[in-house]
Structures are given as structure tokens and as C-alpha cells.
A.B. asks: 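Submitted below is the structure of interest, expressed as C-alpha cells.
Only heavy atoms go into these numbers, but all of them, side chains included; no hydrogens, no water, no symmetry mates.
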Amino acid sequence: MEPVTVVESRVIPLDRANVDTDAIIPKQFLKTIERKGLGKHLFHDWRYLADGTPDPTFILNEPALANAKILLARENFGCGSSREHAPWALADYGIRVIIAPSFADIFANNCAQNGILLIPLAPQEVEELFVACRSGPLQMRVDLPAQRVHAPLQAYSFAIAPGTKEKLLLGLDDIQSTLSHRDTILAYEATRKREAPWLFQELRHG
Amino acid sequence: MAKTLYDKLWEQHEVLREEDGRTLLYIDRHLLHEVTSPQAFAGLRAAGRSLWRRDANIATADHNVPTTDRAAGISDPTSRLQVETLDRNCQEFGVEEFGMLDRRQGIVHVIAPEQGLTLPGMTVVCGDSHTATHGALGALAFGIGTTEVEHVLATQCLWARKSRNMRIWVEGRLSTGVTAKDLVLAIIGQIGTAGGTGYAMEFAGPGVAALSMEGRMTLCNMAIEAGARSGLVAVDQCTIDYLRNRPYAPQGEQWEQAVRAWRELHSDSDASFDREVRIDASHLVPQVTWGTSPEMVLPVDGVVPNPAQAPDPVRRAAWERALAYMALQPGTPIRDITVDKVFIGSCTNARIEDLRAAAAVARGRRKAGSVKEVLVVPGSGLVKAQAEAEGLDQIFLEAGFQWREPGCSMCLAMNADRLEPGERCAATSNRNFEGRQGTGGRTHLVSPAMAAAAAIAGHFVDVRELS
């Protein structure tokens with residue numbers, strides 16, 4: 001996983017609340033058995049017209065925002081389906097940071113697994129950034145170590161859980177570190193097998 | 001100290017806790033399906049890892065499977081590859097799978113309780129947000145992403161942070177013709193789709209205790225539509241009666257031992273919740289969604305709202321977008337909205353009780369000529385067999401409905417069942433998002449009885465007024 005430290009980029013202002021993961025990556029692209037290559041399908045139904053050409057009115061197609069890495073949106077971003085294809089598509093497109101008043105829980109977990117930094121700001125702060133975006137492309141600097149967001153006329157601090165911060169800064173994968181607790185997991189299992197043996201029955205394999 | 005049900009379940013599964021609250025949680029049951037597992041198995045293979053505990057895992061193909069002639073296989077090559085990849089992965093890693101031709105196959109959230117693979121007190125995860133369903137059995141169940149699927153396969157654990165406690169207290173009982181689906185839609189309408197974000201959501205009170213297990217599953221299933229990863233209902237006699245003699249439920253002395261433990265799975269009477277919401281079920285009427293988020297919901301006797309009356313600018317913009325997408329005008333009575341298709345199915349509403357409720361409405365009636373297609377898709381092969389034993393299939397067929405094979409079907413249209421652009425559907429599923437049932441399709445969420453009533457009338461009606 002690619003680490004996140006400081007991200008400098010223009011901001012894509014996606015002025016919508018409750019953006020769901022079906023909108024981020026529609027179901028027809030979930031049939032893949034790969035993690036890669038979903039960026040071209042990001043926001044497919046909003047981004048492309050029925051004939052497959054880009055919809056010029058959709059913000060992602062604004063030429064000045066090509067290659068932008070920071071997405072700005074309204075509350076409850078990433079609600080709905082647990083599909084990790086949503087952060088895969090965002091990351092593959094190049095999004096490294098999403099700023100919104102709130103995020104759905106499963107989506108937030110999935111972003112932490114894929115090197116995408118989620119920044120919750122107060123609704124009023126998000127509103128200020130949307131207003132700033134109206135007068136032309138807004139350049140922003142996101143500093144994860146300092147937990148600060150800098151725009152030309154604004155700067156905000158943001159909160160992040162220490163474990164998530166470290167994971168993003170170092171680009172860590174969890175499995176190896178979890179397996180270092182192997183003996184603790186085995187000890188837990190041994191206790192549970194005594195207390196609740198029905199949880200450990202063998203399935204009949206056909 | 002008094003504990004909530006969620007507190008108890010969480011504590012029983014803590015393997016270790018770090019200083020910042022990050023907890024390694026043990027997972028008892030892991031459900032797998034074809035859409036969110038291939039990259040996880042590929043990750044294991046690439047790292048040379050094996051399964052931590054093979055028998056914690058159970059797999060089935062549900063999202064991509066056709067609901068027509070099963071023997072003919074899957075015609076879409078990408079869907080077929082995904083299902084075949086699941087078969088291959090299960091074979092290679094030794095995971096028990098209910099394959100497409102197995103009569104136990106079905107929607108993962110229908111088959112696990114049905115088989116007794118979900119038990120009270122378990123932690124249950126799946127790469128699917130509707131895993132919340134299993135909380136109806138007093139299990140801590142939540143959806144995860146594919147990286148976490150791989151993590152569970154390799155370690156039988158997940159890193160998680162404890163959510164806050166929320167209780168939805170349901171006073172009164174639902175009246176005839178009003179169902180758990182109407183109740184949960186009304187709850188989402190009240191608290192919003194982010195109302196439960198960061199919480200584990202326990203449903204309790206007389207209105208919940210009076211529900212069947214099927215009804216409780218419908219309720220917990222849509223906890224995620226209120227933002228909560230987990231829904232919960234305390235174990236009671238109804239739960240225990242439901243599980244007795246299920247194929248994978250414990251037997252004999254172990255059953256007695258398990259039941260004793262399960263009886264502790266309820267919130268202590270003096271437990272405190274971080275947030276409590278009360279709703280009176282007795283005055284509730286059938287609900288119909290009008291927009292593109294489950295919180296955009298109204299009683300069937302309501303009218304489509306005017307964005308000018310939205311409580312804030314963000315919602316006004318969302319309502320305007322939703323009305324444009326749904327091609328609806330403010331002030332239109334819900335009853336005047338006509339439907340092109342009807343879908344009765346999904347992990348929300350494809351259990352036997354749901355099919356009985358739809359059949360009770362369809363019996364002796366015919367679908368309206370203006371309705372192009374009514375799909376009835378049972379949640380599992382065993383639900384299908386039970387419905388057929390009760391003659392429900394014949395009632396549906398005589399009403400002009402279609403009787404299909406089990407799967408997720410038109411809830412998310414990954415198989416051939418879908419809406420065409422502009423088509424409007426009464427659906428018993430859980431999401432009315434833009435494009436969910438097919439690009440450009442328009443979804444109205446309702447209960448099975450309300451869906452059947454809309455199929456008969458050609459537009460929404462209050463099912464209680466059908467004589």
C-alpha cells in the first residue's frame with residue numbers, strides 16, 4: 001500500500017450528500033476478479049453520457065481538475081454497499097484524500113486499507129471550502145503528520161485515530177502484524193473452545 | 001456494571017486491545033460470496049498463506065447467479081468467471097460451499113440463519129454490508145471489505161474499534177398489513193441514513209419482541225441503511241425455537257449448554273445507551289420510498305414533497321436531484337405513482353413469511369396489464385421448496401407473476417434481472433440508489449404485501465384497503 005504523508009493538489013468539489021458506493025462504482029464493474037483498473041469506471045453513471053462520452057457538466061470531467069488527488073463532498077460519503085471496489089476505483093483514479101463532514105463506517109475502514117486519507121471537517125468548514133471552490137480551481141495542501149489542511153485563505157486541523165494515521169503514513173498491511181499475535185489468538189481459541197464448544201464444530205464437507 | 005447486548009458480545013470476542021482502543025476481535029463465522037472474495041483468495045495465494053480455521057468459513061454464489069434455468073449455466077462470461085472462481089477457490093482452500101446447483105444455495109444472509117450457521121453470541125462477518133441481518137439472532141454481525149475478508153481468512157480476527165450503543169425502542173405492535181419492512185423504513189425516515197453511523201443499533205421493546213425471526217432479520221438487515229454496521233435483537237424464546245434442529249445448530253447436551261449461554265444475550269435492564277430513539281409501531285401505516293435514498297420515505301397516504309420545504313440547502317439539493325432522477329413532481333400522491341415492474345425478493349424480504357404475505361395479496365387476483373413483469377425470487381432453495389409445498393408458486397403463477405430460482409437478482413442487477421432506463425419498480429429490497437436496479441431505473445422500496453398490491457393495481461395502494 002502506498003503511504004500517505006503530504007498531498008498537494010487541486011480539489012474536486014463534488015457537491016452532493018449521501019454519495020453511495022453504488023454511485024462511486026456501479027455494479028456492472030464488480031464482476032472483476034482483479035483489484036486494478038477500476039479508475040476509468042469511477043462515478044461511471046454520472047461521469048459518462050449514455051453514448052459513453054464524458055458528460056461535460058460532471059465535475060470530474062472539468063479539464064482544470066484532471067489529475068486532482070483531493071475530493072471534497074458532503075455528509076455521509078460512501079454509504080451503502082461494503083464493496084471495496086469503491087476505494088479501489090478512487091485510488092486507481094488517483095484520489096488520495098477525501099474531505100467531507102462525515103463518512104460511512106465500512107467505507108472508512110476500506111479506505112484505510114487502500115491508502116486513502118479521509119478527513120472529517122465540520123459542516124461549516126466544508127461549506128467554506130465549497131464556497132472557495134466557486135471562484136476557480138482551489139489548490140490545497142494536506143499534511144497528515146501535522147493533521148492540517150491548508151487552502152490559500154483557510155487552514156483547518158483534523159482528527160484521525162492514531163492507529164489509522166500510522167497505517168497510512170507507513171503504508172502498512174495488517175495481516176503480517178496480526179500474525180505476530182498468533183499465540184494470543186490461539187490462547188483465546190483454547191478458552192472459547194472450553195466455554196462454547198458449539199462455535200467450533202466441523203462443517204460436513206461434501 | 002450493567003452492559004448492553006453489544007457490550008457483552010464485544011467483550012466475549014476481544015483477543016487483545018491496544019492502548020488507543022484498537023481491538024483484535026475474534027470472528028466465529030465468515031460468510032463468503034463470489035463478488036467480494038476473489039481478490040482476497042488471490043492475496044492469500046500470492047503471500048503463500050493458508051486459512052486460519054477452515055470450518056469458520058462457508059461460501060455460496062448469490063449475486064451473479066441466474067434466476068432462470070440453472071442447468072443452462074451462466075451466459076454472461078464475466079459473471080460466470082466470478083462464480084467459477086469462487087468454486088475453484090473453495091475447492092483449493094477446502095471451504096464448504098453451497099454451489100449454484102445445491103438446493104441449500106441462496107442469498108448468503110438467508111441461508112446462514114436457515115442452516116443454523118449463524119448462532120446467537122457469534123461474531124459473523126461477510127464482504128457484504130447486509131451482514132447486519134444476522135444480528136436478529138443475537139449475533140454481532142457486520143459487513144467488511146475485501147482486504148478484511150483476506151485478513152479474516154488468514155487470522156480469524158479483525159482489527160476494529162468499538163462502536164457506541166444505540167437503542168431503537170419500539171412501543172406498541174404493528175397492525176395487520178404493516179410489517180417489519182414498514183417499521184424499519186419509518187425508523188430510517190426518522191433518523192436518516194447517517195443516523196446510526198458509528199453505532200451498534202439494538203432494536204428492542206414490545207414491538208420487536210412481537211416480531212417473528214423473519215421480521216427481525218428484515219429489521220436488522222436495514223440497520224446499515226440507517227448507517228449502523230450492526231443491527232441487534234436480544235435472544236428470546238422465539239430465537240431459540242427458530243434454531244432448534246437447524247442442520248448446523250448444536251445438538252443434544254451441547255444444545256442445552258448453548259441455550260443456557262444464549263439466554264444471557266440481552267441488554268441488562270439498567271444498561272445505558274449513548275443514543276435512544278423511540279417509535280410507536282401501533283399507528284404506523286405502510287411505507288413507500290419516493291427518492292434515491294432510503295430516508296426519502298413516506299406513508300402510502302403521503303404526497304411527494306416539495307424541495308422548497310426541505311429543512312436545509314444540502315437536503316434541498318438532494319431532493320431536487322432525487323425528484324429529477326425519479327421523474328416525480330412535488331405534490332403527487334404516492335398512490336398515483338404507477339409501476340412498470342415489481343421485484344419481490346432480496347436479503348431483506350425473500351424469506352418464507354415474506355412470500356406468504358405477498359401470496360396472500362396475490363391469491364385469486366391478476367397483475368395489472370400495465371405492469372410488464374413481476375419477479376418473485378425466493379431467498380434460498382429451501383425457501384423455494386417450502387413455498388412450493390405450500391402452493392405459493394401456483395398462486396403467483398396464476399396471478400401472472402414469475403417464479404424464479406434463488407439469488408440476489410434485481411436487488412442489484414448483477415445478473416440478467418434488471419430495470420431498463422426509465423423503468424419504475426416497486427421493490428422489496430433495501431436500496432433505492434440511482435442505478436441500483438439497472439442504469440436509469442427508478443426504485444420504490446416497499447414491503448412484500450405492498451409490492452404485490454402494486455403489481456395488482458398497477459400503482460401504489462394501501463394493501464390494507466384491498467378487500
Side-chain angles (χ1 to χ4, degrees), chain A residues 15-18 20-23 26-28 30-35 45-46 50 74-76 79-85 87-88 102-107 109-110 113-114 123 161-163 173-175 178-179 181-182 184-185 188-189 192 195-206, chain B residues 15-16 18 20 22 24 26 28 35-36 38-39 42 47 49 55 58 64 78-79 81-82 85 94 96 119 121-122 127-129 143-148 150-151 154-157 159 161 193-194 197-198 227 229 248 250 254 258 261 293 314-315 317-318 412-414 431 433-436 439:
Chain A
D15 196 354
R16 295 182 191 185
N18 296 314
D20 58 74
T21 52
D22 275 79
K27 72 252 164 218
Q28 62 267 36
L30 307 190
K31 295 180 184 182
T32 177
I33 56 172
E34 310 287 334
R35 286 175 190 248
D45 290 0
W46 293 345
R74 300 286 184 176
E75 64 185 26
N76 200 28
C79 61
S81 157
S82 63
R83 58 188 70 169
E84 196 163 318
H85 308 70
W88 291 340
S102 59
F103 300 92
D105 287 340
I106 302 176
F107 177 77
N109 264 18
N110 286 338
Q113 309 285 2
N114 288 281
D173 292 319
D174 283 338
I175 293 178
T178 303
L179 288 174
H181 299 295
R182 182 186 171 80
T184 314
I185 302 171
Y188 171 89
E189 276 185 332
R192 282 296 274 175
E195 292 170 355
W198 59 87
L199 296 174
F200 294 86
Q201 66 167 318
E202 287 184 13
L203 303 184
R204 291 179 290 270
H205 291 266
Chain B
V15 174
L16 64 91
E18 294 189 337
D20 72 345
R22 209 163 156 257
L24 193 62
Y26 191 80
D28 296 310
V35 180
T36 55
Q39 296 87 350
R49 293 190 172 115
D55 285 354
I58 182 87
N64 277 280
T78 53
S79 287
L81 176 63
Q82 207 167 46
T85 301
E96 178 79 338
L119 296 172
M122 276 182 167
D128 195 293
S129 62
I144 57 177
T146 298
T147 302
E148 291 177 311
E150 183 180 338
H151 192 276
T155 70
Q156 212 49 52
C157 294
W159 289 101
R161 269 168 219 286
T193 49
T197 302
R229 286 180 85 171
Y248 290 96
Q254 218 168 71
S293 164
V314 172
R315 254 176 292 186
L412 85 170
M414 280 192 75
R431 290 188 175 135
F433 298 157
E434 287 182 25
R436 171 80 179 181
T439 305

A.B. asks: How long is the straight-line distance from CD of E189(A) back to CG of D28(B), given to the nearest 0.5 Å?
C.D. replies: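 CD of E189(A) is found 9.5 Å from CG of D28(B).
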A.B. asks: Could you check whether any side-chain heavy atom of M122(B) comes within less than 4.5 Å of a side-chain heavy atom of L199(A), counting everything from C-beta outward?
C.D. replies: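 Side-chain contact under 4.5 Å: yes.
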A.B. asks: Determine the minimum heavy-atom distance between D20(B) and G163(A), stating which atoms define it.
C.D. replies: OD2-N, 3.2 Å
A.B. asks: With respect to chain A, which residue among T36(B), L16(B), L119(B) yields the maximal number of heavy-atom pairs within a distance under 4.5 Å?
C.D. replies: L16(B)
A.B. asks: So, do T178(A) and Q156(B) sit near enough that their side-chain heavy atoms are less than 4.5 Å apart?
C.D. replies: no
A.B. asks: Heavy-atom cut-off 4.5 Å, strictly under: side chain, backbone, both or neither for A261(B) against chain A?
C.D. replies: side chain
A.B. asks: Atom CG of L203(A) and atom CG of D55(B): how far apart are they, to the nearest 0.5 Å?
C.D. replies: 4.5 Å
A.B. asks: Between chain B and each of P197(A), P123(A), A23(A), count heavy-atom pairs under 4.5 Å; write down the option with the most.
C.D. replies: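 Most heavy-atom pairs under 4.5 Å with chain B: P197(A).
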A.B. asks: For the interface with chain A, which of G227(B), A194(B), P250(B), G127(B) has the highest count of heavy-atom pairs at distances below 4.5 Å?
C.D. replies: A194(B)
A.B. asks: Between P162(A), A104(A), P87(A), A17(A), which has the largest tally of heavy atom pairs under 4.5 Å with chain B?
C.D. replies: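 Sorted descending by pairs with chain B, the first entry is P162(A).
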A.B. asks: Heavy-atom distance under 4.5 Å to chain B: side chain of T32(A), backbone, both or neither?
C.D. replies: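 Contact with chain B is through both the backbone and side chain of T32(A).
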A.B. asks: Any idea which of R74(A), Q28(A), E34(A), H85(A) has the most non-hydrogen atom pairs under 4.5 angstrom with chain B?
C.D. replies: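 That would be E34(A).
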A.B. asks: Just by distance, no angles: are the side chains of Q39(B) and W88(A) close enough, under 3.5 Å, to form a donor-acceptor pair?
C.D. replies: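 Distance-only check fails for Q39(B) and W88(A).
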A.B. asks: Name the region of R192(A), side chain, backbone, both or neither, that has any atom closer than 4.5 Å to a heavy atom of chain B.
C.D. replies: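 The side chain, not the backbone.
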A.B. asks: Side chain, backbone, both or neither: which part of A318(B) has a non-hydrogen atom closer than 4.5 Å to chain A?
C.D. replies: neither
A.B. asks: Residues two or more places apart in sequence or in another chain: which of them pass side chain to side chain contact (heavy atoms under 4.5 Å, CB included) with A161(A)?
C.D. replies: T164(A), R161(B)
A.B. asks: Test your reading of the model: is there a side-chain donor-acceptor pair from K31(A) to the backbone of Q82(B), 3.5 Å cut-off?
C.D. replies: no
A.B. asks: Measure distances from A413(B) to the heavy atoms of chain A and classify the residue's part below 4.5 Å as side chain, backbone, both or neither.
C.D. replies: both
A.B. asks: Just jot down the side chain to side chain contact (heavy atoms under 4.5 Å, CB included) partners of S102(A), sequence neighbours excluded, or say none.
C.D. replies: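 Only E75(A), N76(A) meet the side chain to side chain contact (heavy atoms under 4.5 Å, CB included) criterion with S102(A).
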A.B. asks: Would you check if D45(A) and E434(B) make a side-chain contact, meaning some heavy-atom pair closer than 4.5 Å?
C.D. replies: no
A.B. asks: Under 3.5 Å, is there a donor-acceptor pair linking the side chains of T147(B) and E84(A)?
C.D. replies: yes
A.B. asks: Between Y248(B) and Q201(A), is there a side-chain donor-acceptor contact under 3.5 Å, judged purely by atom types and distance?
C.D. replies: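 Result is no, nothing qualifies.
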A.B. asks: If you take all heavy atoms of S129(B) and S82(A), which pair is closest and at what distance?
C.D. replies: N-OG, 3.2 Å
A.B. asks: Evaluate D20(A) against R431(B) for side-chain contact (heavy atoms from CB on, under 4.5 Å), listing each step before the verdict.
C.D. replies: CA-CA 10 Å; D20(A) 58 74; R431(B) 290 188 175 135; over 6 Å; no
A.B. asks: Could you tell me the separation between the CZ atom of R436(B) and the CG atom of D22(A), rounded to the nearest 0.5 Å?
C.D. replies: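 CG of D22(A) is found 4.5 Å from CZ of R436(B).
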A.B. asks: Do the non-hydrogen side-chain atoms of D174(A) and E148(B) ever get within less than 4.5 Å of each other?
C.D. replies: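 Contact flag for D174(A)/E148(B) side chains = no.
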A.B. asks: I'd like to know if the side chain of N18(A) pairs up with that of S293(B) as donor and acceptor (distance under 3.5 Å, no hydrogens or angles considered).
C.D. replies: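 The criterion, which ignores hydrogens and geometry beyond distance, is not satisfied for S293(B) and N18(A).
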A.B. asks: If I measure from the heavy atoms of chain B, does R16(A) come under 4.5 Å with its side chain, its backbone, both, or neither?
C.D. replies: side chain
A.B. asks: List the steps and the verdict of side-chain contact (heavy atoms from CB on, under 4.5 Å) for H181(A) and V15(B).
C.D. replies: CA-CA 9 Å; H181(A) 299 295; V15(B) 174; over 6 Å; no
A.B. asks: How many angstroms lie between atom CZ of R83(A) and atom OG1 of T146(B), to the nearest 0.5 angstrom?
C.D. replies: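 If we round to the nearest 0.5 Å, R83(A):CZ and T146(B):OG1 are 11.0 Å apart.
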A.B. asks: From Q113(A) CD over to E150(B) CD, what is the distance, rounded to the nearest 0.5 angstrom?
C.D. replies: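 If we round to the nearest 0.5 Å, Q113(A):CD and E150(B):CD are 9.5 Å apart.
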A.B. asks: Over all heavy atoms of both residues, which pair between G198(B) and D105(A) is shortest? Give the atoms and the distance, please.
C.D. replies: N-OD2, 2.9 Å
A.B. asks: In Å, rounded to the nearest 0.5 Å, how long is the span from CZ of F433(B) to OG of S81(A)?
C.D. replies: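 The CZ atom of F433(B) sits 8.5 Å away from the OG atom of S81(A).
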A.B. asks: Which one, R315(B), R229(B), E18(B), R22(B), leads in non-hydrogen pairs under 4.5 Å with chain A?
C.D. replies: R229(B)
A.B. asks: Between F107(A) and chain B, with a heavy-atom cut-off of 4.5 Å, which part of the residue counts as in contact: side chain, backbone, both or neither?
C.D. replies: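 Contact with chain B is absent: no heavy atom of F107(A) under 4.5 Å.
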A.B. asks: Which bit of T85(B) is near chain A, if near means a heavy-atom gap under 4.5 Å: side chain, backbone, both or neither?
C.D. replies: side chain
A.B. asks: Of the backbone (N, CA, C, O) and the side chain (C-beta and beyond), which part of P26(A) lies under 4.5 Å from a heavy atom of chain B, both, or neither?
C.D. replies: neither
A.B. asks: Heavy-atom pairs under 4.5 Å with chain B are the metric here; pick the option from A196(A), G80(A), A50(A) that has the most.
C.D. replies: G80(A)
A.B. asks: For residues I185(A) and C157(B), determine if any side-chain heavy atom of one lies less than 4.5 Å from a side-chain heavy atom of the other.
C.D. replies: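 Yes; the side chains approach each other to less than 4.5 Å.
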A.B. asks: Are I144(B) and I106(A) packed together at the side-chain level, in the sense that at least one heavy-atom pair is separated by less than 4.5 angstrom?
C.D. replies: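 Sidechains of I106(A) and I144(B): no contact.
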